[in-house]
Amino acid sequence: MFVEARTRPVLAEVCRLLGYPDANAMLLRHHTNAVYAVGDVVVKIAPGDQDLEQVRAMVAVVGWLVAQDFPTVGLHPGLSQPVLAGGHAVTVWQRLDPAHDNPITVSELGTLLRDLHALPAPPVPLPVLRPIHSIERSVARSEILNDKEQDLLLGRLETLATGWETMRFPHGASLIQSDPQVRNALRRFDGRPVLSDWDGAAFGPREWDIATIAVHCRRFDPPGPGAFAAFTAAYGWDATAWPQFEELCQLRELQMIATNARKSRPGTEAADEVHHRIAGLVDDGADLRRWHIL
């Protein structure tokens, strides 16, 4: 089971390689990955079933972005990455400002994504974005969904899959971050915002990143439902004018629900949140219920 008791020994092994004491390591997050702050670095431990080649591709993408002078958090230069420790793929990152006192704004995300999407295709074998397959896989592997919830999610997916297959994306495909949000951005200590968390880096439609921002704006606090206009102004294109944008946002929401259903354990607050989101697919009218971040 992917819990802190399992990842602490992995952290200790990596700290020995770095020459850092692990006794004062601070757990930042333990959900998709286990993320620990140790001195001037951040150690990210992937689940044991994470594809090592995917992590290697992510490392290559980050190296290429740094070479392009794109504002991103950099990997710690002191060792070859990823590290394989205790059966887990581990990456070590430069520690930046988490920006709790000066949060990243949606407008800043608009500028970061505009610049990211303008880059040429990197010379790295990127996975292709496949949300339909991802949702099917997550629903099948979830331990918390009952039969009714599974049927609801798969029925909704069947409807949305047809639209995905026929979508004509106005801005085409490029390197996408795939999960841009204020929690996946940090600040350098001079205040400059940078993107982080490239686990989902893929080749896909730019509109997928934009839909992710839109979903976060309407589902989470902060930034709130009125914030998407600020993103649009910074990015330079109003996606809401594209007739298929709402359908894409619904598919993105479905993927977020399914992914967290796969990651959540029965009887946890995360599982309760997933059930809350699924209930909203049936009960919500024009006023969409707010979600709690996981």
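Computed from a prediction, not measured in an experiment: that's the story for all the values here.
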Give the C-alpha distance, both sets of side-chain angles, the deciding distance and a yes or no for side-chain contact (heavy atoms from CB on, under 4.5 Å) between Val14 and Leu18. CA-CA 6 Å; Val14 174; Leu18 293 167; 4.1 Å; yes
Under 4.5 Å between any side-chain heavy atoms of Gln177 and Asp197, yes or no? yes
Determine, stepwise, if the pair Arg187 / Val194 fulfils side-chain contact (heavy atoms from CB on, under 4.5 Å). CA-CA 6 Å; Arg187 291 194 188 278; Val194 301; over 6 Å; no
Test salt bridge (charged side-chain N to carboxylate O under 4.0 Å, His left out) on Arg219 and Glu253 and set out the steps. CA-CA 9 Å; Arg219 289 293 193 178; Glu253 289 183 341; 2.9 Å; yes
Is there a donor-acceptor contact under 3.5 Å from the side chain of Asn184 to the main chain of Asp179? yes
Any side-chain heavy-atom pair from Leu153 and Leu157 closer than 4.5 angstrom? no
Could you go through the side-chain hydrogen bond (donor to acceptor under 3.5 Å, both in side chains) check for His275 and Glu149 one step at a time? CA-CA 8 Å; His275 297 311; Glu149 289 173 326; 2.8 Å; yes
Please answer: with hydrophobic residues joined when any side-chain heavy atoms are less than 4.5 Å apart, are Leu17 and Val90 in the same cluster? yes
So Phe203 and Leu175, do their side chains get closer than 4.5 Å, heavy atoms only? no
For the pair Phe169 and Trp242, name the ring-plane relationship: parallel under 30°, tilted 30 to 60°, perpendicular over 60°. tilted
Sub-4.5 Å side-chain heavy-atom contact between Leu113 and Ile213: yes
When you group the ILVMFWY residues by side-chain heavy-atom contacts below 4.5 Å and let the links chain together, are Ile293 and Leu195 in the same group? yes
Examine distances only and state if a side-chain atom of Gln81 and a backbone atom of Val92 form a donor-acceptor pair shorter than 3.5 Å. yes
Exercise: do Trp198 and Thr72 side chains pair donor with acceptor under 3.5 Å: yes
Mark yes or no for whether Arg206, through its side chain, and Ala173, through its backbone, hold a donor-acceptor pair below 3.5 Å. yes
Mind listing the closest non-hydrogen atom pair of Pro180 and Thr212 along with its distance? O-CG2, 3.5 Å
For the atom pair CD1 (Ile210) and CZ (Arg252), what is the distance rounded to the nearest 0.5 Å? 13.0 Å
Linking I/L/V/M/F/W/Y whenever any side-chain heavy atoms sit under 4.5 Å apart, do Leu119 and Trp237 land together? yes
For the residue pair His76 and Arg95, confirm or rule out a side-chain donor-acceptor distance under 3.5 Å. no
Distance check, rounded to the nearest 0.5 Å: Ser138 atom OG versus Ile257 atom CD1? 11.5 Å
So which heavy atom on Leu160 is nearest to which on Glu247, and how close? CD2-CG, 3.8 Å
For Ser264, does its backbone N or O pair with a side-chain atom of Thr268 as donor and acceptor, under 3.5 Å? no
Going from CH2 on Trp93 to CG on Leu75, what distance comes out if it is rounded to the nearest 0.5 angstrom? 4.0 Å
Can you tell me how far the NE2 atom of His292 sits from the CZ atom of Arg277, to the nearest 0.5 Å? 9.0 Å
At what distance, to the nearest 0.5 angstrom, does CG of Asp49 lie from NE2 of His88? 9.5 Å
Between Glu246 and Arg218, does a salt bridge (charged side-chain N to carboxylate O under 4.0 Å, His left out) hold up when you go through it step by step? CA-CA 12 Å; Glu246 175 56 30; Arg218 72 191 194 181; 2.9 Å; yes
Would you say the rings of His276 and Trp291 are close, in the sense that their centroids are separated by under 6.0 Å? no
Determine whether a donor-acceptor pair (N or O, by modelled atom type, separation under 3.5 Å) exists between the side chain of Glu207 and the backbone of His171. yes
Which residues pass the side-chain contact (heavy atoms from CB on, under 4.5 Å) test with Ala261, sequence neighbours left out? Ser142, Ile144, Leu145, Val274
Do Lys263 and Thr32 pass the side-chain contact (heavy atoms from CB on, under 4.5 Å) test, and can you show the C-alpha distance, the side-chain angles, and the key distance before you say yes or no? CA-CA 7 Å; Lys263 295 175 181 177; Thr32 304; 2.5 Å; yes
Does a sphere of radius 6.0 Å around CD in Glu4 hold more than 12 heavy atoms from other residues, nucleotides or ligands, not counting ones at 6.0 Å or beyond? yes
Indicate yes or no for a side-chain donor-acceptor contact from Gln68 to the backbone of Phe70 under 3.5 Å, with no hydrogens or angles considered. no
Using distance alone, with no hydrogens and no angle criterion, decide if Tyr36 and Thr7 have a side-chain donor and acceptor under 3.5 Å apart. yes
Provide the closest heavy-atom pair for Val73 versus Ser196 in the form atom of the first, atom of the second, distance. CG1-CB, 3.5 Å
Nearest non-hydrogen partners of Leu248 and Met167, listed with the distance: N-CE, 3.7 Å
Enclosure of Arg192 CZ (heavy-atom neighbours >12, cutoff 6.0 Å): yes
Can you see which heavy atom on Lys44 is nearest to which on Val35, and at what distance? CG-CG2, 4.3 Å
Would you mind reporting whether Ile132 and Glu136 have side-chain heavy atoms less than 4.5 Å apart? yes
May I have all residue pairs that pass salt bridge (Lys or Arg N to Asp or Glu O under 4.0 Å) and include part of residues 151-171, sequence neighbours excluded? none
Leu11 CG to Leu27 CG distance, which is reported to the nearest 0.5 Å: 9.5 Å
Do the side chains of Val282 and Met256 join up, straight or via other hydrophobic residues, at under 4.5 Å, putting them in one cluster? yes
Quick one about Asp40 and Tyr20 (side-chain donor to acceptor, distance below 3.5 Å, no hydrogens or angles considered), yes or no? yes
Test side-chain contact (heavy atoms from CB on, under 4.5 Å) on Glu108 and Val182 and set out the steps. CA-CA 9 Å; Glu108 287 173 318; Val182 294; over 6 Å; no
With a cut-off of 3.5 Å and sequence neighbours excluded, list every side-chain donor-acceptor pair involving residues 50-63.
residue, atom, partner, partner atom, Å
Gln50, NE2, Gln54, OE1, 3.2
Asp51, OD1, Glu53, N, 3.0
Glu53, OE2, Arg56, NH1, 2.5
Gln54, NE2, Asp199, O, 3.4

Non-hydrogen atoms of Ile176 and Gly204 that approach each other most closely: CG2-O, 3.5 Å
Between Trp164 and Trp208, what is the ring plane arrangement, given parallel below 30°, perpendicular above 60°, and tilted in between? perpendicular
Starting from Leu112, can I reach Leu186 by hopping between I/L/V/M/F/W/Y residues whose side chains sit under 4.5 Å apart? yes
Parallel under 30°, tilted from 30 to 60°, perpendicular over 60°: which one fits the rings of Phe220 and His216? tilted
